[in-house]
Student: 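Take this structure first; my questions come after.
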There are 2 protein chains.
Amino acid sequence: MRSTPVAVSFLFLAGLAGVASADEGMWMPQQIPALADRLRALGFEGEVQAFADLTGQPMGAIVSLGGCSASFVSSQGLIVTNHHCVQGALQYNSTPERNLLVSGLVARAQEDELSNGPGSRVSVTTQVQEVTDDLMRRLTPNLTDRKRFDVVELWTKERTAACEKDGSRCRIASFFGGLRWFEIKQLEIEDVRLVYAPDKGIGNFGGESDNWRWPRHTGDFSFYRAYVGPDGKAAPYSKNNVPYRPKRWLKVSPRGASPGDLVFVVGYPGATERLQTYAQIEDMTTWQLPRSIRRSVEQLQILDELAQSSPEVAIKVETRIRGLNNGLTKNRGVLEGLIKGGALEDKMEQQGELTAWIAANPERRMLYGDVLPALAALDAESAKTRERDSVFSGFRGGRGGGSVLGAADTIVEAAVNRPKKDIDREPEYQERNWARTREGFERMQRTLDRTVDRAFLRYSLLEAARLGGTERIEALDRAAGLSADMSKDAAAKAIDAYLDRLYAGTKLFDKDYRLALLGKSSKELAAVGDPFLNLATALLPLKDQLRETSKTRQGARYRLVPRYMKALLEKSAGLVAPDANGTLRVTYGRVLGVDSVDGLFFKPQTTLAGIVGKHAGEGEFDVPDREVEAIKALRAGRETPYLDPALHDVPVDFLSTVDTTGGNSGSATLNARGELCGLLFDGTYDTVVADIVYDPVRTRSIHVDSRYMLWVLTEVDGATRILEELSK
Amino acid sequence: MRSTPVAVSFLFLAGLAGVASADEGMWMPQQIPALADRLRALGFEGEVQAFADLTGQPMGAIVSLGGCSASFVSSQGLIVTNHHCVQGALQYNSTPERNLLVSGLVARAQEDELSNGPGSRVSVTTQVQEVTDDLMRRLTPNLTDRKRFDVVELWTKERTAACEKDGSRCRIASFFGGLRWFEIKQLEIEDVRLVYAPDKGIGNFGGESDNWRWPRHTGDFSFYRAYVGPDGKAAPYSKNNVPYRPKRWLKVSPRGASPGDLVFVVGYPGATERLQTYAQIEDMTTWQLPRSIRRSVEQLQILDELAQSSPEVAIKVETRIRGLNNGLTKNRGVLEGLIKGGALEDKMEQQGELTAWIAANPERRMLYGDVLPALAALDAESAKTRERDSVFSGFRGGRGGGSVLGAADTIVEAAVNRPKKDIDREPEYQERNWARTREGFERMQRTLDRTVDRAFLRYSLLEAARLGGTERIEALDRAAGLSADMSKDAAAKAIDAYLDRLYAGTKLFDKDYRLALLGKSSKELAAVGDPFLNLATALLPLKDQLRETSKTRQGARYRLVPRYMKALLEKSAGLVAPDANGTLRVTYGRVLGVDSVDGLFFKPQTTLAGIVGKHAGEGEFDVPDREVEAIKALRAGRETPYLDPALHDVPVDFLSTVDTTGGNSGSATLNARGELCGLLFDGTYDTVVADIVYDPVRTRSIHVDSRYMLWVLTEVDGATRILEELSK
């Protein structure tokens, strides 16, 4: 299936932006042809139209893993992504006796490839279509905010249903804060298996110490394989499934990337917030980030202690610890960038310019004059209950948390939604998501642990116990016997007693039991009397109330934000990439070092020599002995095609100016010939704030060089089967 | 007085060494003229002979502070050195209410200049004369090792006495391990006063975190002034003393140093060990350094705890903590360089080459064939009791420690030596050192604290208690009631009880009491019955025994090492600088960045921007508010002559390839015109191992740029009096 050409009508008001900031932008594929001049200037000799052809070469090879990006690299459905993107698969297949999180996996034969378990998905974007006008026809001017929300939601549901009729998965995604809308169609493969992961000492070399840092020496790559039913169609895991044969796959270049090279990164960046207002960034700076940092530190303390209690628990919490640490370091970097790096000041200045630009002209005043004040009022309103709202949303344990209370909440809400017509259900409880919910219940078993779950719920309950008098969660106070005037000790005592009751009485740690409850009605659930179901039910009225408020506010944002964006874009008068929103994007740049802090220059490449320098034989810097031996052999004269003639060594990682963010992890880094010359896996600490305020000078992404991947496969792991497949 | 021209006869076997390693060398001043070609190649246009003229410009301006280097920078005896070299003076003048260690000092008038206390010295080398032949006449071939030591010692004493007849201070120093000997004459000034020290937040910006590191932003400079009696002659501190008027002083350049500039460092490097044998370096790697690192860590723990007990104790231990930390980091760096950096392997290779070179020729075999095996045997012999010998030497608390047991030992040994003829006394107890000993007793009062002293003696006693059966210190076992078969707890208990007795009974914490005991005879001391005097007396027989052994071994070294050096020098066939030995040296190099670890380049300069980046407003990164304001003013357009046009900022520190080591701290960094363009204050962590095995590619020294010094004096501290004096 070829993609339908999209009518590109982005705001081409004054051609391209200046050179300094020209490499900013996680571009929608269809925007790339308009960047032809810039790409030519950077030395691109290929066909720019190719990027807009989603099923052609190379775009047809790019896939999403949900939270990570990846790409096909063989005709047999072999997929390359980051080592840190296959943590779930490693965890799912690990036992204390055979801990793949540590040893990695080299599947020497196809039957050694290990299922990533239920809920794994490989998604390929096959079609992107602008649908803004269709929505605009429905959005009549005098809708209330609440009603506007419903109109958008109903329209989204209807379009999604129509789009998915052919078996695809569809998403109606908003760009530029609702100024433009696109319908995105994806093919989904459900049977994903782990083929290769290096030793942790390679794949996570440097651990948290090096995370977000340069110089870097991480071999952050791994391989999956997509499987489909014998009929070639997507199917859940089955022994009878066969490798998927993609129409497009990338050639892995044996030449990697060198300083100055033009490179593209194609993947699924998650979220940036560059187009937010100053007030929002300020709230992030003064409240959200400090709160998040504090919580991460406290929760890591809890997890570190628990991890020491047993090897089983250690395996269960490892991914969560890695995730929390990762976010913590990133958030610290963002906060530093906002405050010390001056990004917050820059934002204030930008907004000042926008305000002045609006004020400078009567027509603009009329069109946009009320927008910023109205958005500020909306934010101020939200801020009033932000503490309680955040504590409340923390109860479910977060998306990755997979808590038992979260499961109970899902069961209770599913029961409330099931009797309704599908179109009237809350989106997450629509029929299209039922399988996903069940898979989620299965997957959470990987990380579910009674002690950990309790420790985290206790943490949330203690937060709730500290809430001020006007922000109390009354249902919870009743259930746990808490009140605003209790001492800290008394509250903790009451909470521990309540937790004793909750955990003694629940059967929700049993996977099959949880799954069985998913089909039950509210009445039946009430009869079951599981204490977690009771708690979730008691919390439901507040949840509904918060959802109602949120819908009204979102309706207001649908009214205001598109006008704010219009003003911004009109003022910037150039081609602008929308904020990342988890949809397919292309970014380009050059392999380039950078001035880091005063007195320090980050060279664009690292080599095996640096691994030798950092290798400590233990802890976070501990490559396997066979890598040490392989390096010795190389030094002793063993030949390899992956030696860089300028560096006189095998390159490991490199820096580039491409503009990426979380979700881009595992993205193919393409050279000017469309070959995979590396894998994006990180950004530099100095520039993580670019998610909020882009820094055109210092922003750098970090990639693993394809030569290091091939060298490790060859010299360290002797992974001949994969190497042969890649060379075909 | 002009220096007597020295007959330079260094081994000019084949001209200069190759370019790569040409900048190695802490050269004796008289060697510099022979380096003219190399200096011309580096762009030097001045008169190379000037470096050999010790009383001319610039050499006449260079002084030693004992452990640090410095230089005159005004006609009124103003001296510039490092902030970390004036710690003792800051400590001596600090109280908890007025802690100069933190606030620094700006003496606004001459009467605000503060005495550095008794024992301060500024030394100017006035004459260097080779005296090797004179010794050789006395060293007849068939002396026993023990006798050879005595001949050298007696000769040293006689020459020293003759040299000091004119009131100078003299030293007969051995170079190339006793292959060559020089008589060095110094003028000593005894009244030294503190004129200026910046806030700790400037002078020690970055603290231990940045120590030995790059990028660096430390304003490590301070000013002393030398005072003499109204007759112009050196005299101890007196209110009537007047500023010394040196014949030579350096101009402080307002232009600092820029990348590529040729710079000289002139000062008093303490000790390098590049010419040692592989066996010695190996012992250092496997035993000395690990032991020293472990002890530093343990002692720092003790000091950190004690420092928290009171502000008085904190002031007393601050210099010691800084010193221990400094040494710890350096030793770790050296060890890393030796093991991971491959320096030990390089040394083995070098020695292998030397062995092969000796073996390749019958004459060489005859001349040098026995030397390396004999030296190895000597080292093996020492190693047998190294544990006990080190524990024993630790009792005095180390040179800087100033322990009460050390004082008792000095008192007891002084009594033993006093009845002898001066020429027969142990050198440290000869009359020429009596005033120094008394000053030492006064100075130690600055840091003396009962709790700290006890904690350190306890540490040493616990070490002694752990010694194996054959290495026991019997006198101590008897005194403290210890034995080899005691449990750890029992030993600790016995030690604590013994310490109770020692500290309850001693009066040695009283300065005047200590000084009074210095005049007493052994018999009188025995009658005093102070428990520390008793302990020192009990330990004396073992001390004498160790001294005897050490003299015999040193006699053997006088026999062997010169031949080893001769072989080394003959083989290297070039001009070689002797190892540093605390005598005046000149080193040169270029301002140059360097590749650090893989992926990282150290740029050659840092700027104020980096201070803003690191400034945290607390802890080790905390410049005073007035510096923050001064930087803001600069950014807002305030003009300064110290702005670097290429950097668009005021430079702070810079890197150069000059070859330096501890003792060089505070050394003048001269530009090609002989002006002071910076102050040497550190080396990079990557290259501290250069003290043992020189790295011609990566070795870098760290300097503060004279522009930062002048900018701080002007914009931060408004030190107009000093600025005016400097500009004269």
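All chains are named by letter (A, B, ...) in the order of the sequence lines, taking the proteins before the strands, and each is independently numbered beginning at 1. When reading the values below, keep in mind they use all heavy atoms of this one structure, side chains included, and skip hydrogens, waters and symmetry mates.
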Student: Among G341(B), P604(B), G599(B), which residue has the highest count of heavy-atom pairs closer than 4.5 Å to chain A?
Tutor: G599(B)
Student: Examine the side chains of R255(B) and S253(B) and answer whether a donor and an acceptor come within less than 3.5 Å of each other.
Tutor: no
Student: Would the distance check show the side chain of N82(A) and the main-chain N or O of L680(A) forming a donor-acceptor pair, the cut-off being under 3.5 Å?
Tutor: yes
Student: Looking at R213(B), K330(B), E336(B), which hits side chain to side chain donor-acceptor pair (under 3.5 Å) with Y685(B)?
Tutor: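 The passing option is E336(B).
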Student: Establish, from distance only, whether the side-chain atoms of N331(B) and S292(B) form a donor-acceptor pair under 3.5 Å.
Tutor: yes
Student: Name, in order of residue number, those residues of residues 200-209 of chain A that have a heavy atom at a distance of less than 4.5 Å from a heavy atom in chain B; otherwise write 'none'.
Tutor: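 So far as heavy atoms go, nothing in residues 200-209 of chain A approaches chain B to under 4.5 Å.
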Student: Do D261(A) and N671(A) pair up side chain to side chain, a donor and an acceptor below 3.5 Å, judged on atom types alone?
Tutor: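 D261(A) vs N671(A): no donor-acceptor pair found between side chains.
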Student: Flag the one option from T606(B), L600(B), V597(B) with the top tally of heavy-atom pairs under 4.5 Å to chain A.
Tutor: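 That would be L600(B).
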Student: If you take all heavy atoms of D346(B) and V693(B), which pair is closest and at what distance?
Tutor: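 Taking every non-hydrogen atom into account, CB-CG1, 4.3 Å.
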Student: Without hydrogens or angle criteria, can the side chains of D598(B) and T607(A) be said to hold a donor-acceptor pair below 3.5 Å?
Tutor: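 Result is yes, a qualifying pair exists.
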Student: Looking only at the side chains, is there a donor atom on one of D686(B) and W212(B) sitting less than 3.5 Å from an acceptor on the other?
Tutor: no
Student: Sub-4.5 Å heavy-atom contacts with chain B: which residues of residues 643-654 of chain A show up?
Tutor: none
Student: Take atom CZ in R638(B); do more than 12 heavy atoms of anything else shown fall under 6.0 Å from it?
Tutor: no
Student: Starting at CZ of R700(A), measure out to CG of L655(A) and round the result to the nearest 0.5 Å.
Tutor: 7.0 Å
